[in-house]
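Here's the structure, in structure tokens; my notes come after.
All chains are named by letter (A, B, ...) in the order of the sequence lines, taking the proteins before the strands, and each is independently numbered beginning at 1.
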Number of protein chains: 2
Amino acid sequence: MRDVALRAGVSVKTVSRVFNDDPHVLPETRDRVSDALAQLNYTPNMLARTFRDGRSPVIGVAVPSISDPFFASIVGGVEQVASRHDMSVVVTSLGGEGAHEEGRVESLLKRQLGALVMAPTADDQGYLARWAGKLPLVFVDRPPRGLDADCFVEDDEGGARAATAHLVGRGHRRIAFIGNSTSASTTASRLVGYRAALAEAGLPADEELVQLSSLTSGGALRAVQRLEALEAAPTALFSSDAETTMALVPALVGRRLAITAFGDFPMAAMLSPALTVVDQDPASLGRLAAERAVARLDGPLESPAQHVTLPVRLLERSSCRSPQDLVELFPWTVPDGGGRVVWESPRP
Amino acid sequence: MRDVALRAGVSVKTVSRVFNDDPHVLPETRDRVSDALAQLNYTPNMLARTFRDGRSPVIGVAVPSISDPFFASIVGGVEQVASRHDMSVVVTSLGGEGAHEEGRVESLLKRQLGALVMAPTADDQGYLARWAGKLPLVFVDRPPRGLDADCFVEDDEGGARAATAHLVGRGHRRIAFIGNSTSASTTASRLVGYRAALAEAGLPADEELVQLSSLTSGGALRAVQRLEALEAAPTALFSSDAETTMALVPALVGRRLAITAFGDFPMAAMLSPALTVVDQDPASLGRLAAERAVARLDGPLESPAQHVTLPVRLLERSSCRSPQDLVELFPWTVPDGGGRVVWESPRP
DNA sequence: TTGTAAGCGTTATCAG
DNA sequence: CTGATAACGCTTACAA
């Protein structure tokens with residue numbers, strides 16, 4: 001920039017003005033500077049600009065796993081809004097366990113983010129209190145614990161209750177709940193909804209029917225086997241999240257069960273039978289969170305936190321027959337661990 | 001930081017030293033500073049540090065769409081490596097069309113990225129020449145055009161040839177190619193592979209059988225209908241990418257065709273029939289690209305560009321019967337546009 | 001309309 | 001071992 005100023009015979013401040021389209025520059029001067037700019041093909045150093053005003057035009061996004069399609073959609077939504085506001089998006093995966101959350105998030109925060117959007121994995125976000133006044137913190141999918149902040153979640157309890165009631169309406173009386181650990185608050189809320197539906201139908205809440213399995217396909221299979229071994233085995237399943245459902249599907253091959261799941265996912269409609277699911281809208285979640293963050297950035301940081309619950313919809317497909325009418329699930333598929341390698345690229 | 005120095009009765013430089021574990025500090029001084037640090041709960045300003053050394057510890061990732069599971073996995077791979085090296089990841093979606101590429105990428109670059117990993121969508125990356133000397137540029141999935149740079153792609157041609165040959169081996173003689181626009185170099189290479197397989201089998205290259213459809217499910221359906229209307233309709237399809245395949249699946253409901261696809265995707269093994277696919281490894285692609293970027297960051301920027309082609313594998317599942325033995329595809333599914341809404345959360 | 005000076009938070013340099 | 005000073009590139013406040 002100094003070089004440009006020198007070449008154009010002006011001060012650096014004038015160069016800065018030209019760059020920022022400050023109207024108080026003589027057209028003639030402007031041209032001279034523009035020429036110099038072009039000749040040296042000067043690129044402004046955003047880092048310096050950013051440093052100067054102390055906050056970077058960056059929205060941080062922290063999610064359990066960036067490669068999970070659900071969270072990838074949230075990130076996509078955030079990115080869409082961010083780019084409209086000339087902000088970038090930095091992402092961080094937290095891992096499922098919550099152990100890394102604080103470290104990962106703190107290291108993001110140290111970079112003077114403009115705002116943070118996060119789906120927490122740890123049990124407590126109290127450590128964020130010291131940041132709360134400095135930048136907008138917006139939670140998505142899961143509310144914060146030990147901290148009050150803006151939050152966009154979906155109607156976990158209502159959706160789970162509707163999905164369970166749907167199975168009850170089909171005549172099922174033994175309905176299992178399968179989900180990952182209740183450390184995720186979404187799972188806890190869905191469990192509440194599930195139990196509410198059973199209670200409303202006057203069905204007993206049998207704890208044996210609640211399986212908090214790990215998310216591997218092996219774990220899902222074991223959970224299903226435990227359920228089958230029960231004296232009064234369930235005729236239907238409610239799966240608490242898309243990740244669990246995807247792990248569960250291979251375990252259900254050839255079995256006879258009805259199933260309803262929280263969370264749609266690619267190809268759920270093309271399975272055989274097509275899965276009846278509670279449909280969420282992760283992209284909107286991301287967009288709304290980002291918009292809230294941007295609004296806080298412009299306006300006052302301190303107004304009371306908003307807690308928004310987005311509606312979800314129960315999408316009926318064909319996976320919920322009545323107990324008498326149950327059919328084999330996924331009858332055509334071959335549960336061979338994903339296929340047989342019949343060719344491979346030659347290695348160099 | 002000045003406050004800390006004041007409180008500890010030392011200079012800011014000493015505070016800095018304590019912070020950076022500089023050994024040349026008396027233990028006693030160190031303790032005093034540490035106390036002050038804790039009491040004021042000082043947080044180092046990474047932005048300033050970063051500004052000072054002129055380059056930010058950030059890897060930029062530019063992909064067509066962050067919410068596409070394939071690219072989300074690439075981002076996940078990059079992020080994994082980045083976090084091992086204490087770097088963050090900023091992501092940007094380019095959109096399928098290439099029109100926004102230059103703008104989006106330039107605005108990333110202006111932020112003094114440490115390195116850039118990208119899957120280009122435009123026809124030409126010549127505009128990046130001025131950046132090539134300043135930071136590592138690493139391409140993934142698709143090679144750059146109009147620029148030489150490090151590049152990690154998968155064996156598109158070989159995989160497509162194997163997948164097509166697999167269909168030929170099952171007795172198919174009329175095999176269609178469906179993909180998105182050949183502006184993506186991956187599609188172009190796969191088309192080459194497809195043609196090579198036909199040529200090797202002595203089959204004619206009928207241009208009517210090559211359908212470059214748009215990626216919507218309606219577009220896929222029209223492409224299939226055009227193929228069916230052909231005088232000599234195909235008995236088998238080769239789908240050129242996962243996005244196309246996912247759009248295609250609903251269009252194939254109840255039809256009789258064999259199908260092979262480039263690119264695995266969640267639940268492909270659970271469709272009925274399970275899809276035979278060319279399996280890629282996007283997470284590795286991302287990891288390798290990031291590792292290369294980091295290596296260039298440490299070592300010399302200027303060594304010759306490396307072009308690496310990763311092997312792919314053909315995963316046989318059940319979607320490739322012989323023409324005589326063809327069955328209805330996805331017979332159980334209900335092509336009702338994804339389901340019927342039977343319940344919705346009450347709106348506030 | 002243009003220029004000067006100061007400062008954002010950190011670290012390298014070099015002197016003490 | 002510790003400290004003063006300058007510098008990174010840019011912009012704001014103020015002066016000319």
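To the nearest angstrom, P of dT1(C) lies 9 Å from CG of D22(A). Distance L47(A) CG to dT11(D) C1': 15 Å, rounded to the nearest Å. Across the protein-nucleic acid pair, L6(A) atom CG and dG3(C) atom P stand 12 Å apart, rounded to whole Å. We find that CZ of R55(A) is positioned 17 Å from P of dT11(D), with the value rounded to whole Å.
Between Y127(B) and E106(B), the side chains place no donor N or O within less than 3.5 Å of an acceptor N or O (distance only, hydrogens not considered).
The aromatic rings of F51(A) and F51(B) lie parallel to each other, their planes meeting at an angle below 30°, with 60° marking the opposite boundary.
Within the 4.0 angstrom heavy-atom criterion, only backbone atoms of the sugar-phosphate kind lie near T29(A); the bases stay farther away. Among the atoms of the strands shown, none is found under 4.0 Å from any heavy atom of P27(A).
In this structure, T14(A) does not reach the dT1(C) phosphate: none of its side-chain N or O atoms is under 4.0 Å from OP1 or OP2.
With rounding to the nearest 0.5 Å, the separation of CE in M118(A) from CZ in R104(A) is 12.0 Å.
Between D150(B) and R292(B) there is a salt bridge, since a side-chain N of the basic residue sits under 4.0 Å from a carboxylate O of the acidic one.
The minimum heavy-atom distance linking V117(A) with A289(A) is given by the pair CG1-CB, 3.9 Å.
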Its contact letters, B for base, S for sugar-phosphate only and - for none at protein heavy atoms under 4.0 Å, make nucleotides 8-16 of chain C read BBBBB----
I would like to know whether D281(B) and S284(B) meet side-chain hydrogen bond (donor to acceptor under 3.5 Å, both in side chains); could you show each step before the answer? CA-CA 6 Å; D281(B) 186 357; S284(B) 291; 2.6 Å; yes
